[in-house]
Amino acid sequence: MTPDDTRARKRWLAMVGSRLAGSAGAVFGLVLAARSHDWPIKVLGVAITLSALAVIAIVPASLAHRWRTPRP
């Protein structure tokens, strides 16, 4: 493997890892909101879910934008 290939693989893994972490956070927020009996905990679960969904949408796109090959 060339150094460019290893760098591309590491970047791809970073983007996939951020998606997986966001998905895990969203599931945690849903479980927290569904199992709690008090409304402040339910609100916290919904907030965690919404922020995790934002991470899934924003972080991989911003990483891809940052690492994009410059146009000649």
Side-chain angles (χ1 to χ4, degrees):
M1 266 184 145
T2 65
D4 289 336
D5 290 339
T6 57
R7 183 174 52 204
R9 176 176 282 175
K10 287 180 183 178
R11 289 178 175 180
W12 180 80
L13 286 173
M15 288 192 299
V16 170
S18 68
R19 286 184 186 120
L20 287 174
S23 299
V27 169
F28 173 71
L30 286 174
V31 169
L32 187 64
R35 294 205 173 235
S36 69
H37 299 292
D38 301 330
W39 69 268
I41 305 298
K42 284 189 182 281
V43 171
L44 179 65
V46 170
I48 289 172
T49 302
L50 292 176
S51 64
L53 291 176
V55 166
I56 293 170
I58 295 170
V59 172
S62 66
L63 289 176
H65 178 72
R66 178 185 297 173
W67 293 331
R68 182 176 47 201
T69 304
R71 295 181 181 167

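Of all the heavy atoms in Ala52 and Ala26, the pair that sits closest is CB-N, 3.3 Å. Considering all non-hydrogen atoms of both residues, Lys42 and Ala33 come closest at NZ-O, 3.0 Å.
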Practice problem: Evaluate the criterion side chain to side chain contact (heavy atoms under 4.5 Å, CB included) for residue pair Asp4 and Arg7; output intermediate values, then yes/no. | Solution: CA-CA 5 Å; Asp4 289 336; Arg7 183 174 52 204; 2.8 Å; yes
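Hydrophobic clustering, with ILVMFWY side chains joined whenever heavy atoms are under 4.5 angstrom apart, keeps Ile48 apart from Leu53. With hydrophobic clusters built from ILVMFWY side chains whose heavy atoms lie under 4.5 angstrom apart, Leu13 shares a cluster with Leu20. Both Ile41 and Phe28 belong to a single network of hydrophobic side chains, linked directly or stepwise wherever heavy atoms of I, L, V, M, F, W or Y lie under 4.5 Å apart. Both Met15 and Val59 are members of a single hydrophobic cluster when ILVMFWY side chains are connected at heavy-atom separations under 4.5 Å.
Heavy atoms from other residues, nucleotides or ligands lying under 6.0 Å from CH2 of Trp67 number more than 12. Around CZ of Arg11, the count of heavy atoms belonging to other residues, nucleotides or ligands within 6.0 Å exceeds 12.
The CD1 atom of Ile58 lies 10.5 Å from the OG atom of Ser51; values are rounded to the nearest 0.5 Å.
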